Each structure stands twice: as structure tokens, then as C-alpha cells.
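The figures here come from the full heavy-atom set of this structure, side chains too, leaving out hydrogens, waters and symmetry mates. This structure is a prediction, so every number in the text was calculated from the model and none was measured.
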Amino acid sequence: MELRTRVSLRTGDRSLDVVLPHHTPVYEALRSAGLEMSDPSSVLLDSSGRPVDPYATDGQSLTDGTVLHVVGRLPGVPGSGAQGPTGTRPADPGTARPVDG
């Protein structure tokens, strides 16, 4: 039996629940759902606002029930390609509050 992780993918008003085999990269689930991360204006974040590399992250490295958000590039989010003011903290996509930490 192959181990799997349940992941929720959110983008705009779309929410998709997928089951990701442990050795399958997240980008394959995104691509299957029609979400292309090759778009340089998009970034993948976890619910705490941290960037997630869809090519290096697989089902085994995610906690079961993880929620991932596909959003446009955000100022101050490391790895999103945008530069914000020094000390800017990323917003939590679920609550639009700054993330501590």
C-alpha cells in the first residue's frame, strides 16, 4: 500500500482537495488541477504564509491536511520574487494578518 497525504489547494475562489502519494511532487498535483506554477507571477504558500517550492516538496514532506495557497507574488515574501520594505512580514492568506515568526 502506497502512503499518501491529503492536501487542499486553494487559489482565488477555487478549492481542490487532493490525495498526494508520498513521493509525488506538489507541482504534479497542481498541474493535474490545471494550475501552472511556471507563471512567474504566482507563488505557492502554506497557511502560515511561508513559500513552498512545488518542485522540491512532495507528499511525504507535508503534514496530512495541509492547505496550500496559490497566490500572486507578495511584497516581503522571501522567494516570491518581490521586494518589500525591510521588516515586512508576510500576511497569513487565511486571515490577512501579519504572520509572527
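Across all their heavy atoms, S47 and H69 have their closest contact at OG-NE2, 3.2 Å. Of all the heavy atoms in L30 and P54, the pair that sits closest is CD1-CB, 3.9 Å. Scanning both residues, A33 and L16, for their nearest heavy atoms gives CB-CD1, 3.3 Å.
Qualifying side chain to side chain donor-acceptor pair (under 3.5 Å) partners for S32, counting only residues two or more places apart in sequence or in other chains: none. Not counting sequence neighbours, the partners of D17 by the side chain to side chain donor-acceptor pair (under 3.5 Å) test are S8. With sequence neighbours excluded, no residue satisfies side chain to side chain donor-acceptor pair (under 3.5 Å) with D53. Taking V19 as the reference, R4, R6 meet the side chain to side chain contact (heavy atoms under 4.5 Å, CB included) condition, with sequence neighbours excluded. Applying the side chain to side chain contact (heavy atoms under 4.5 Å, CB included) criterion to V18, with sequence neighbours excluded, gives V7, L9, A29.
Note on V70 and V52: same hydrophobic cluster, where clusters join Ile, Leu, Val, Met, Phe, Trp and Tyr whose side-chain heavy atoms are under 4.5 Å apart, directly or indirectly.
Atom CZ of R50 and atom CG of L44 lie 13.5 Å apart (nearest 0.5 Å). Rounding to the nearest 0.5 angstrom, the gap separating the CD atom in E28 from the CG atom in D58 is 10.5 Å.
Among residues at least two apart or in separate chains, ring-ring contact (aromatic ring centres under 6.0 Å, His included) pairs with a member in residues 5-60 are Y27-Y55.
Inter-residue side-chain proximity for V67 and R10 is flagged as met; some heavy-atom pair is nearer than 4.5 Å.
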Report the C-alpha distance between L68 and L62 in whole Å, list the side-chain angles of each, state the deciding distance to 0.1 Å, and finish with yes or no for side-chain contact (heavy atoms from CB on, under 4.5 Å). CA-CA 10 Å; L68 299 175; L62 296 171; 4.3 Å; yes
